Amino acid sequence: LLDREADPVGLALVGSFTMIEDVWFGGPGVVVGVGDRRRSFNLAVNHVLNDDDDSETIFLAGIDAQAGRRVKFFVEFMSSSSLIDDDDEFHGFINLGLRFFGQRHSFSLAGLRPLDEDLDNFILFPMVMYSTHW
């Protein structure tokens with residue numbers, strides 16, 4: 001809706017769908033970004049539904065920084081407290097990875113880690129994401 005390169009703040013409508021084992025969740029949202037093509041700080045609000053017909057409004061915060069001509073490193077935090085587990089020890093997700101990008105398309109390879117106090121030796125769920133920009 002607003003381009004960070006032309007305006008001081010970027011604004012975008014987004015949609016997402018994620019599947020982890022037998023659980024899916026996704027929904028519409030809005031992203032606000034400050035920065036430029038080389039690095040940015042982004043905040044998002046999503047209304048997320050899951051396969052149990054539960055819904056939750058979640059907040060995301062993330063940063064990205066260009067690491068090469070067409071590569072960025074990114075870190076994101078998602079505030080979900082109940083999408084996967086209603087346990088009091090579950091505190092959302094951290095997502096980190098690399099984003100390969102062009103003018104209109106990007107492809108991300110990342111790891112999604114639940115912030116839970118009882119993960120034993122678990123490190124992260126692998127995540128692949130494709131985005132297109134109009």
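Fair warning: this is a prediction, and the values are worked out from it, not measured in the lab.
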Using 0.5 Å steps for rounding, measure from the CG atom of L98 to the CZ atom of F73.
7.5 Å

Is L11 reachable from V9 through a run of hydrophobic residues whose side-chain heavy atoms are each under 4.5 Å from the next?
yes

Are V48 and V45 joined in one hydrophobic group, where the rule is that I, L, V, M, F, W and Y side chains link up if heavy atoms are under 4.5 Å apart?
no

Checking side chain to side chain contact (heavy atoms under 4.5 Å, CB included) for the pair L112/L124: CA distance, chi angles, key distance, verdict?
CA-CA 5 Å; L112 183 67; L124 50 82; 5.9 Å; no

Got a second to check how far W24's CH2 is from T18's OG1, nearest 0.5 Å?
11.0 Å

Starting from V128, can I reach F100 by hopping between I/L/V/M/F/W/Y residues whose side chains sit under 4.5 Å apart?
yes

Rounded to the nearest 0.5 Å, how far apart are CE of M127 and CG of N95?
4.0 Å

Atom of S79, atom of E56 and distance for their closest heavy-atom approach
O-OE2, 4.4 Å

To the nearest 0.5 Å, what is the distance between CG (L60) and CD1 (I58)?
5.0 Å

ILVMFWY network linking V32 to L2, side-chain heavy atoms under 4.5 angstrom:
yes

Write down the atom of F101, the atom of V71, and the distance for their closest heavy-atom approach.
CE2-N, 3.3 Å

Quick check on the hydrophobic clustering: are F125 and M129 connected, directly or via other members, by side-chain heavy-atom contacts under 4.5 Å?
no

Heavy-atom closest contact (D36 atom, R38 atom, distance):
OD1-N, 2.8 Å

Can you sort out the partners of N42 under side chain to side chain donor-acceptor pair (under 3.5 Å), two or more places apart, ordered by chain and number?
R4, S40

Give me the atom names and distance for the closest heavy-atom approach of V31 to A44.
CG2-CB, 3.8 Å

For the student: nearest non-hydrogen atoms of R99 and E76, plus distance
NH2-OE2, 3.9 Å

How about CZ on R37, more than 12 heavy atoms from neighbouring residues, nucleotides or ligands closer than 6.0 Å, or not?
no

Single hit among N46, L13, L43, V14 for side-chain contact (heavy atoms from CB on, under 4.5 Å) with V30:
L13

Distance-minimising heavy-atom pair for I123 and R113:
O-NH1, 2.8 Å

